[in-house]
Amino acid sequence: MCSAWFLVKVNPSQIAFFKFILEGYDHLSSLTILDPKSGLTKIYFHPNNLVFVNDLLEHLKEKIELEILKTSVSFN
């Protein structure tokens, strides 16, 4: 089974905006909010979309306060 995710820390006041942007890209990824007080989130996506999702997050770093903490990609 293929799977991939980014563990991302976002400014808690910007989580709603972050979720809104990710949902704008239909079926690209799924966001789970792990801890709303600290802004800890996890973005799940298909490994084939790794470059696009990474580019999107890098672009969003210019707009909102976010930090990629960990990445996991599996092509099993």
Side-chain angles (χ1 to χ4, degrees):
M1 180 175 172
C2 297
S3 65
W5 52 264
F6 282 112
L7 187 63
V8 179
K9 187 168 184 177
V10 181
N11 181 320
S13 68
Q14 297 172 319
I15 290 175
F17 176 75
F18 186 51
K19 183 174 172 70
F20 175 78
I21 294 298
L22 290 177
E23 288 177 350
Y25 292 89
D26 290 335
H27 309 292
L28 176 66
S29 64
S30 174
L31 176 71
T32 299
I33 301 167
L34 302 174
D35 183 4
K37 290 184 180 184
S38 70
L40 191 60
T41 66
K42 201 171 207 180
I43 303 168
Y44 297 93
F45 55 94
H46 191 278
N48 290 345
N49 294 326
L50 174 63
V51 172
F52 185 78
V53 174
N54 188 62
D55 288 349
L56 176 61
L57 293 177
E58 290 299 321
H59 178 73
L60 283 173
K61 282 182 179 179
E62 299 171 9
K63 308 292 181 196
I64 64 174
E65 199 176 316
L66 72 84
E67 176 184 4
I68 299 171
L69 302 175
K70 191 172 182 181
T71 305
S72 176
V73 179
S74 172
F75 287 97
N76 294 342

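Reckoned from all heavy atoms, side chains included, excluding hydrogens, waters and symmetry mates. The residues of the chain are indexed from 1 along the displayed sequence.
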Interatomic spacing from CD1 in Ile15 to OG in Ser38 - rounded to 0.5 Å: 7.5 Å

Please give me the minimum heavy-atom distance between Gly39 and Pro12, naming the atom from each residue. N-CG, 3.9 Å

Do the side chains of Leu28 and Val53 get nearer than 4.5 Å, heavy atoms only? yes

Value for CG (Leu50) from CG (Asp55), rounded to nearest 0.5 Å, stands at 9.0 Å

Do Leu69 and Leu40 make a side-chain contact, defined as non-hydrogen atoms from C-beta onward lying under 4.5 Å apart? yes

Locate the shortest heavy-atom distance separating Ser29 from Ile43; write the atom from each residue and the value. CB-CG2, 3.6 Å

Within a radius of less than 6.0 Å around NZ of Lys63, do more than 12 heavy atoms belonging to other residues, nucleotides or ligands occur? no

Is the number of heavy atoms from other residues, nucleotides or ligands within 6.0 Å of CD (Glu58) greater than 12? yes

Quick one: closest heavy-atom pair of Leu7 and Thr41, and the distance? CD1-O, 3.4 Å

Answer yes if the ring centres of Phe45 and Phe52 are under 6.0 angstrom apart, and no otherwise. no

What's the spacing between Phe17 CZ and Leu22 CG if we round to 0.5 Å? 10.0 Å

Same hydrophobic cluster for Tyr44 and Leu56, using side-chain heavy-atom links shorter than 4.5 Å among ILVMFWY? no

Measuring from Phe18:CZ to Leu57:CG, what's the distance to the nearest 0.5 Å? 5.0 Å

Note: Ala4 and His46 closest approach over all heavy atoms is CB-C, 4.5 Å

Should we say atom NZ of Lys9 is surrounded by more than 12 heavy atoms from elsewhere, each under 6.0 Å from it? no

Is there a continuous path of hydrophobic side-chain contacts, each under 4.5 Å between heavy atoms, that joins Val10 to Ile68? yes

Could you tell me whether the side chain of Ser74 and the main chain of Ser3 form a donor-acceptor pair under 3.5 Å? no

In this structure, would Ile64 and Leu34 fall into the same cluster of hydrophobic residues linked by side-chain contacts under 4.5 Å? no

Phe20 with Val8, same ILVMFWY side-chain cluster at under 4.5 Å: yes

Approximate separation, where rounding is to 0.5 Å, of Ser30 OG and Lys19 NZ: 7.0 Å

Under 4.5 Å between any side-chain heavy atoms of Phe6 and Leu31, yes or no? no

